[in-house]
Amino acid sequence: NLPLANNSVDVVLSIYGLGGINDQDKALDEIVRVSKNNGRIVAVEMSMPPRGMQIKRIIHRHLTEPIIKRFWAFRNTNLCDLFTRHHIEIEGSQYLEEYIFGSSTLAYGFIRK
């Protein structure tokens with residue numbers, strides 16, 4: 001429940017903010033509520049590496065995830081699926097191949113009402 005008026009925000013920036021939220025759909029509902037039509041959203045979240053990166057997927061699943069979950073309420077987040085469910089027009093998405101233990105996705109687009 002964001003303490004902001006409806007249609008009052010031009011840009012939403014979320015850097016590793018959604019992965020720790022239990023009800024991501026409710027969070028996106030709130031983001032859409034407070035955003036203006038055609039507002040921008042940019043998000044980066046931890047994500048499972050793409051299918052072609054088998055070794056990195058194994059490292060992520062068996063080493064990175066368990067370590068992170070000890071310190072943070074984390075889950076992998078598919079930003080494109082989340083955006084699509086909330087009528088956010090995806091302008092672009094990019095897997096960010098970070099260090100050997102990192103695995104994140106950047107997604108950005110427009111909030112359409």
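For reference, positions follow the sequence shown, starting with 1.
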Chemist: Treat each ILVMFWY residue as a node, draw an edge where side-chain heavy atoms are under 4.5 Å apart, and state whether Met53 and Ile58 are in one component.
Modeler: no
Chemist: Hey, does Val42 have a side-chain heavy atom less than 4.5 Å from the side chain of Leu106?
Modeler: yes
Chemist: Are the side chains of Gln54 and Arg57 in touch, meaning some heavy atoms are under 4.5 Å apart?
Modeler: yes
Chemist: Between CZ of Arg33 and NE2 of His86, what distance do you get to the nearest 0.5 Å?
Modeler: 14.0 Å
Chemist: Walk me through it: do Glu45 and Thr105 pass the test side chain to side chain contact (heavy atoms under 4.5 Å, CB included)?
Modeler: CA-CA 6 Å; Glu45 285 300 327; Thr105 298; over 6 Å; no
Chemist: Tracing side-chain links under 4.5 Å among I, L, V, M, F, W and Y, which residues wind up in one group with Val9?
Modeler: Leu2, Leu4, Val12, Leu18, Ile21, Leu28, Ile31, Val32, Val34, Ile41, Leu79, Leu82, Phe83, Ile88, Ile90, Ile111
Chemist: Roughly how far, to the nearest 0.5 Å, is the CG atom of Asn6 from the CD atom of Glu30?
Modeler: 8.5 Å
Chemist: Give, for atom OG of Ser103 and atom CG of Asn76, the distance between the pair rounded to the nearest 0.5 Å.
Modeler: 7.0 Å
Chemist: Just wondering, are more than 12 heavy atoms of other shown residues or ligands nearer than 6.0 Å to CG in Asn22?
Modeler: no
Chemist: Determine the minimum heavy-atom distance between Thr64 and Met46, stating which atoms define it.
Modeler: CG2-CE, 4.0 Å
Chemist: Does atom NZ of Lys26 have more than 12 heavy-atom neighbours, drawn from other residues, nucleotides or ligands, at distances under 6.0 Å?
Modeler: no
Chemist: Could you grab the distance from atom NE2 of His87 to atom NZ of Lys113, nearest 0.5 Å is fine?
Modeler: 12.0 Å
Chemist: Following the transitive rule for hydrophobic clusters with a side-chain heavy-atom cut-off under 4.5 Å over Ile, Leu, Val, Met, Phe, Trp and Tyr, establish whether Met48 and Ile55 coincide in one cluster.
Modeler: no
Chemist: To check you understand the geometry: which heavy-atom pair defines the closest contact between Tyr95 and Ser104, and what is its length?
Modeler: CD1-O, 3.3 Å
Chemist: Which atom names give the shortest non-hydrogen contact between Ala5 and Ser8, and what distance separates them?
Modeler: O-OG, 2.6 Å
Chemist: Would you please name every residue forming a side chain to side chain contact (heavy atoms under 4.5 Å, CB included) with Arg40, sequence neighbours left out?
Modeler: Val11, Glu91, Tyr108, Phe110
